[in-house]
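Some notes on the structure that comes next.
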Protein chains: 2
Amino acid sequence: MVVEAELSDDEVDRIFRALADSTRRDIVRRSLAGEASVSELARAYDMSFAAVQKHVAILEGAGLVTKHPRGRERKVRGNPQAIRRAQAMLDAYEQIWRARVDRLDALLADAPE
Amino acid sequence: MVVEAELSDDEVDRIFRALADSTRRDIVRRSLAGEASVSELARAYDMSFAAVQKHVAILEGAGLVTKHPRGRERKVRGNPQAIRRAQAMLDAYEQIWRARVDRLDALLADAPE
DNA sequence: ATAACCTACAACCAAATGGTTGTGGAAGCT
DNA sequence: AGCTTCCACAACCATTTGGTTGTAGGTTAT
């Protein structure tokens, strides 16, 4: 059974904020496709190693990515669970909208002229 | 036929950034559940009218919400399409992960010892 | 042992964020 | 007309963000 972790506002903030940057989204894509070390990632972007390191740290803080020491490098691995939790949030919003549409439909059905 | 709007990085940035604030997420929820004027929304939060107005403007800039003049007020309406576009983004990430898992499975099948 | 590489972290800086107050215009009410 | 309500926008301020460089520690290779 899937544990439906109650997300605090702060956690949701971090997830969406982490996704609100194209470099970070690209890091997520790469690390979901397969493990990559921080420096491998850094070589892919036109910015300093430290900058990429910070992006990875932000993603890690949001739970979108985990780091795993392998020798002298840290392998970055995407976390599909975090993605699914974000999806669950958006699903909830769509349900709210759907519920509203249903209410309006019911109203029209009750007063059909 | 559904128009699969190609989202620019900037647009995706705006959508996730807009969702990375609990006040704004709450505004989205309310405006998906039903239209509300800016001042109605403002009364719900412990901050100035102008602050709420800015949040609505950010949501509008991200396409998560639309404003509709009704007399002297502007009715704020949630836009489920924008939500779905964000969902599509997250779906794409999950597909990437799934593809990786499939690749690994295939590898194991090919070299079964 | 020395050199090269990978990572972490601090200090710094410009720009963006999230809030405030104040001003002003347009719409509705008495 | 005059007052009130709703909204937009500018100016300002503190904090956060996203980048930089520099320093230092741990790991691998020569």
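Not measured: the values here are computed from a predicted model. All chains are named by letter (A, B, ...) in the order of the sequence lines, taking the proteins before the strands, and each is independently numbered beginning at 1.
If you measure from atom CZ of B:F49 to atom P of D:dA8, you get 7 Å, rounded to the nearest angstrom. When rounded to the nearest whole Å, the span between CG of B:D13 and C1' of C:dA16 equals 13 Å. Rounded to whole Å, the distance from NZ on A:K75 to P on D:dT27 is 16 Å. Rounding to whole angstrom units, CZ of residue B:R14 and C1' of C:dA16 are separated by 14 Å.
With respect to B:R85 and B:E11, no salt bridge is recorded, no charged nitrogen being found less than 4.0 Å from a carboxylate O. A salt bridge links B:R25 and A:D13; the closest N-O separation between the charged side-chain nitrogens and carboxylate oxygens is under 4.0 Å. Between B:D26 and B:R30 there is a salt bridge, since a side-chain N of the basic residue sits under 4.0 Å from a carboxylate O of the acidic one.
With sequence neighbours left out, the side-chain contact (heavy atoms from CB on, under 4.5 Å) criterion links B:I58 to B:A18, B:R24. Partners of A:Q95 under the side-chain contact (heavy atoms from CB on, under 4.5 Å) rule, at least two apart in sequence or in another chain, are A:R98.
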Every protein N/O lying under 3.5 Å from an N/O of nucleotides 15-19 of chain D:
unit_1: D:dG18; atom_1: OP1; unit_2: A:R24; atom_2: NH2; d: 3.4
unit_1: D:dG18; atom_1: OP2; unit_2: A:R24; atom_2: NH1; d: 3.1
unit_1: D:dG19; atom_1: OP2; unit_2: A:H55; atom_2: NE2; d: 2.1
unit_1: D:dG19; atom_1: N7; unit_2: A:K54; atom_2: NZ; d: 3.1
unit_1: D:dG19; atom_1: O6; unit_2: A:K54; atom_2: NZ; d: 2.1

Please list, for nucleotides 22-24 of chain C, all pairs of protein and nucleotide N/O atoms separated by less than 3.5 Å.
none

Distances under 3.5 Å between protein N/O atoms and the N/O atoms of nucleotides 28-30 of chain C, please, pair by pair.
none

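Nearest heavy-atom pair across B:I83 and A:L90 is CG2-O, 3.7 Å. Taking each heavy atom of B:I15 and B:A62 in turn, the nearest pair found is CG1-O, 3.5 Å. Residue A:V52 comes nearest to A:V38 through the heavy atom pair CG1-O, 4.4 Å, listed as atom of the first residue, atom of the second, then distance. Listed here is the closest heavy atom pair of A:D21 and A:T23: OD1-N, 2.9 Å.
Looking at residues 27-43 of chain A, you'll see A:S37, A:V38, A:S39, A:R43 sit with a heavy atom under 4.0 Å from some atom of DNA chain C.
For the OP1/OP2 pair of D:dC7 and a distance below 4.0 Å, the side-chain nitrogens and oxygens of B:Q53 include no atom meeting the criterion.
Within the 3.5 Å criterion, the main-chain N or O of A:D91 finds no donor-acceptor partner in the side chain of A:E94. No donor-acceptor distance shorter than 3.5 angstrom exists from the side chain of B:N79 to the backbone of B:V65, with no hydrogens or angles considered. Judged by distance alone, the side chain of A:R74 and the main-chain N or O of A:S39 form no donor-acceptor pair under 3.5 Å.
Among the heavy atoms of the strands lying under 4.0 Å from A:K67 are primed sugar atoms or P, OP1, OP2 only; no base atom is included.
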Walk me through whether A:R14 and A:R17 qualify under side-chain contact (heavy atoms from CB on, under 4.5 Å). CA-CA 5 Å; A:R14 278 196 292 269; A:R17 170 153 270 293; 5.7 Å; no
